[in-house]
Amino acid sequence: MCGDLRAENDGQEVVLLGWVNRRRDLGNVIFIDVRDRTGLTQLVFDKSENPALHEKASTLRSEFVIGAIGKVRRRGEKTINRNIPTGEIEVVASELRLLNESKQPPFLPSDPALANEEVRLKYRYIDLRREPMQYNIELRHKVALAIRQYLSSKGFFEIETPFMTRSTPEGARDYLVPSRVYPGEFYALPQSPQLFKQILMISGFDKYFQIVRCFRDEDLRADRQPEFTQIDLEMSFPQPDRVFEVVEGFLQAAFKAAAHELKTPFPRMSYDEAIRNYGIDKPDLRLPKLTDVRSAFTAEQLQSLQLNPELPVVAIRIPVIGDLSRKERDENRPLFGERKEARLIDDIKRLEKSFPEAVAKLREMSGAEASDLVVLVGAPAQMEKSATRPDYGVFMAAGALRVELARKYAQRHMAFHKGGFHFAWVTDFPMFEWDENEKRWNAAHHPFTSPHERDMDKLESDPGAVRALAYDVVLNGTELGSGSIRIHRQDIQSKIFRALGMSDEEARSRFGFFLEALEYGTPPHGGIALGLDRIVMILAGAESLREVIPFPKTAKAVDLMVDAPTPVSEAQLRELGIKIR
RNA sequence: GGGGACGUAGUUCAGUUGGUUAGAACGCUGCCCUGUCACGGCAGAGGUCGCGAGUUCGAGUCUCGUCGUCCCCGCCA
């Protein structure tokens with residue numbers, strides 16, 4: 001193919017098929033770079049050697065599809081192009097076929113200046129011809145293949161589950177598909193194959209996986225698409241450690257396919273540790289931890305700083321970037337924002353003038369070098385006692401600022417530039433979250449997650465303290481996947497629904513089929529699902545999922561190429577028994 | 001639902017305080033050119049300044065609305 005020829009192919013007769021990447025017409029000699037997904041090769045058309053062919057070559061234009069037959073020739077020392085892998089050779093054409101012409105494209109795949117994304121998405125077929133996109137799509141293929149091979153080799157079956165299924169409202173909004181046979185009734189596209197994979201465990205397929213599309217009708221982000229691909233898996237009789245092992249194994253295989261070696265096992269921490277050390281449940285381990293430096297201060301010092309002595313004083317350390325100017329500090333204030341639960345002390349120099357020993361101590365406690373930036377986040381001395389965990393409030397405010405500062409000064413601290421992949425497991429998530437709007441407990445993961453055995457007695461007395469056998473895998477501050485050991489006993493499942501304020505009838509009407517299945521010999525089981533798009537995005541070093549999804553949607557969930565969604569005909573609606581309001 | 005950025009030639013962009021015929025680069029067309037590789041030279045074509053109102057003697061520029069794209073918050077069990 002076009003990217004394959006090397007000096008050792010000298011003298012061979014070859015056929016090249018591809019697109020005209022660029023043409024350089026020097027008059028009596030024409031150079032055509034012919035491109036396919038493997039790369040470029042230079043074709044030469046010399047008027048003095050073959051006038052008719054030279055004439056034909058002069059009509060070629062960008063993105064024409066051609067076939068050429070010719071002889072590989074080593075280039076002269078002075079004409080070698082060191083910038084491309086095939087630069088030591090060229091192909092002297094003896095025959096040329098024009099397989100198809102092209103209109104002038106809105107942008108050229110060979111153009112180093114990138115067209116704006118709106119244009120790229122409308123003409124996605126041209127955008128995908130660009131070398132970086134070809135690379136990303138190939139990378140995606142290799143990663144998916146490595147994962148399939150790994151899981152298959154460990155005894156997992158890839159089993160398909162339906163796309164047209166039942167709406168189980170809770171969680172994200174469903175995409176609905178109207179039924180023609182039953183007017184007024186709808187299928188839902190799966191937000192995940194959760195219940196089906198659990199039922200496969202009940203059916204005895206003890207190791208299941210699927211690389212599967214999932215659908216969620218929520219607003220988009222750079223790292224969120226309405227349809228996205230998950231590596232979904234489930235195992236019977238597992239401890240969480242078994243799930244971690246399998247995930248670490250297939251991630252190692254996937255990263256190896258992308259030429260990166262991963263060390264396993266990944267570090268593990270509880271949700272509580274994650275919050276205390278990073279102020280977030282998806283910690284970015286590329287930067288130093290937070291440190292509670294409250295003990296560096298005396299009670300009087302905390303009072304004069306208007307900091308709450310009962311709550312942590314958290315030091316955020318960003319390496320290398322040094323102290324900030326007054327102007328930079330002012331610019332950074334909005335990153336912290338107006339907060340009730342925490343206050344920011346960003347001028348350590350000034351603090352040092354008042355309390356030199358305290359600052360020396362807190363620098364030591366946080367491990368700060370002289371060249372590191374340190375800022376403090378504490379709780380205001382006067383605060384309402386509303387939050388259940390005010391200490392978490394302080395850590396989380398600090399964690400958010402840590403991420404913002406790190407992002408803002410990425411150019412200076414360089415911690416994000418090494419291409420390092422820092423994985424972590426976060427375990428023991430809380431089982432429930434308090435929903436302030438609806439005044440009730442919600443499942444933090446999903447309602448089929450098993451609580452910790454030893455927290456079982458708190459289900460009614462203190463739901464907020466119940467920990468779940470739930471875990472996330474995190475990479476460089478991005479949540480890659482989330483899973484849990486599931487509930488396999490119907491009596492416990494009922495307790496959970498009750499704790500969520502769901503009546504038996506309500507649970508039956510939503511999940512009846514599943515609750516019934518649980519009663520027919522369900523083995524203990526658990527699993528996880530990881531976002532394939534996010535994995536490939538991080539491997540590709542891309543800023544957006546759109547760079548690794550061939551045909552993505554815009555932030556308003558529109559496909560600009562096919563122009564979807566669209567209205568449908570009155571006849572179609574009538575057939576479905578649907579009327580648009 | 002809320003906040004922010006952007007929209008000018010096929011593409012990427014510039015366009016001053018509101019003032020002559022809206023510019024550049026790449027791409028495109030034609031001519032010249034035998035060693036280029038982001039070829040080079042000369043000439044040329046190409047514009048509903050996203051769309052609609054308004055202010056003004058005069059709007060790419062100011063105001064309002066609207067459409068679209070991007071980023072963030074909410075949302076994403």
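Convention: sequence-line order gives letters A, B, ...; per-chain numbering from 1.
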When rounded to the nearest Å, what value does the distance between P atoms of B/G35 and B/C71 take?
48 Å
Counterpart residues, salt bridge (charged side-chain N to carboxylate O under 4.0 Å, His left out), relative to A/R224 (two or more places apart):
none
Could you measure between the two C1' atoms, the one in B/U8 and the one in B/G46, and give it in whole Å?
14 Å
Measuring to OP1 and OP2 of B/U36, would you say a side-chain N or O of A/R24 lies under 4.0 angstrom away?
no
Does A/N116 put a side-chain nitrogen or oxygen below 4.0 Å from OP1 or OP2 of B/U12?
yes
Compare the aromatic ring of A/F31 with the six-membered base ring of B/U36 and state whether they stack according to the 5.5 Å and 30° rule.
yes
Whether A/T554 contacts B/U69 is assessed here as follows: a side-chain N or O lying under 4.0 Å from the phosphate OP1 or OP2. Is that the case?
yes
Reckon A/Q42 touches a base, only the sugar-phosphate, or nothing at all at heavy-atom distances under 4.0 Å?
base
What does B/A24 pair with, Watson-Crick or G-U, if both distances are under 3.5 Å?
B/U12
Look through every strand shown and name the nucleotide pairing with B/A5 as Watson-Crick or G-U wobble, where both distances are under 3.5 Å.
B/U69
If we take the C1' atom in both B/C31 and B/A24, what is their distance in whole Å?
24 Å
With rounding to the closest Å, how many angstrom separate the C1' atoms on B/G50 and B/C67?
8 Å
For B/C76, the nucleotide meeting Watson-Crick or G-U wobble distances (both under 3.5 Å) is none
Any side-chain N or O of A/R546 less than 4.0 Å from the OP1 or OP2 oxygen of B/U69?
no
Distance, C1' atom - from B/U56 to B/U61, rounded to whole angstrom:
13 Å
Identified pairing partner of B/G30, criterion: Watson-Crick or G-U wobble below 3.5 Å
B/C42
Considering residues at least two apart in sequence or located in another chain, which fulfil the side chain to side chain contact (heavy atoms under 4.5 Å, CB included) criterion with A/L114?
A/R120, A/R130
Is a donor-acceptor pair below 3.5 Å formed from side chain A/R73 to base B/G35, judging by atom type as modelled?
yes
For B/C37, does either OP1 or OP2 sit under 4.0 Å from a side-chain N or O belonging to A/N81?
no
Of all the heavy-atom pairs spanning A/H452 and A/L469, show the shortest one and how long it is.
CE1-CD2, 3.8 Å
At a heavy-atom distance below 4.0 Å, what parts of residues 61-71 of chain A sit against RNA chain B?
A/R61, A/S62
Looking at B/C39, I'd like to know if its phosphate oxygens (OP1 or OP2) sit under 4.0 Å from a side-chain N or O belonging to A/R22.
yes
Under 4.0 Å, heavy atoms only, any strand: does A/E77 hit a base, just the sugar-phosphate, or nothing?
nothing
Base partner of B/C62, which must satisfy Watson-Crick or wobble distances under 3.5 Å:
B/G54
Scan side-chain atoms only and decide if A/Q225 and A/D533 contain a donor-acceptor pair under the 3.5 Å cut-off.
no
What I want to check is whether an N or O donor and acceptor connect the side chain of A/D219 with the base of B/G74 at under 3.5 Å.
yes
Rounded distance in Å between the P positions of B/G65 and B/G23:
33 Å
Does the side chain of A/R75 get closer than 4.0 angstrom to OP1 or OP2 of B/C37 through an N or O atom?
no
What's the gap between B/C13 and B/G7 when it is taken at their C1' atoms, as a whole Å value?
12 Å
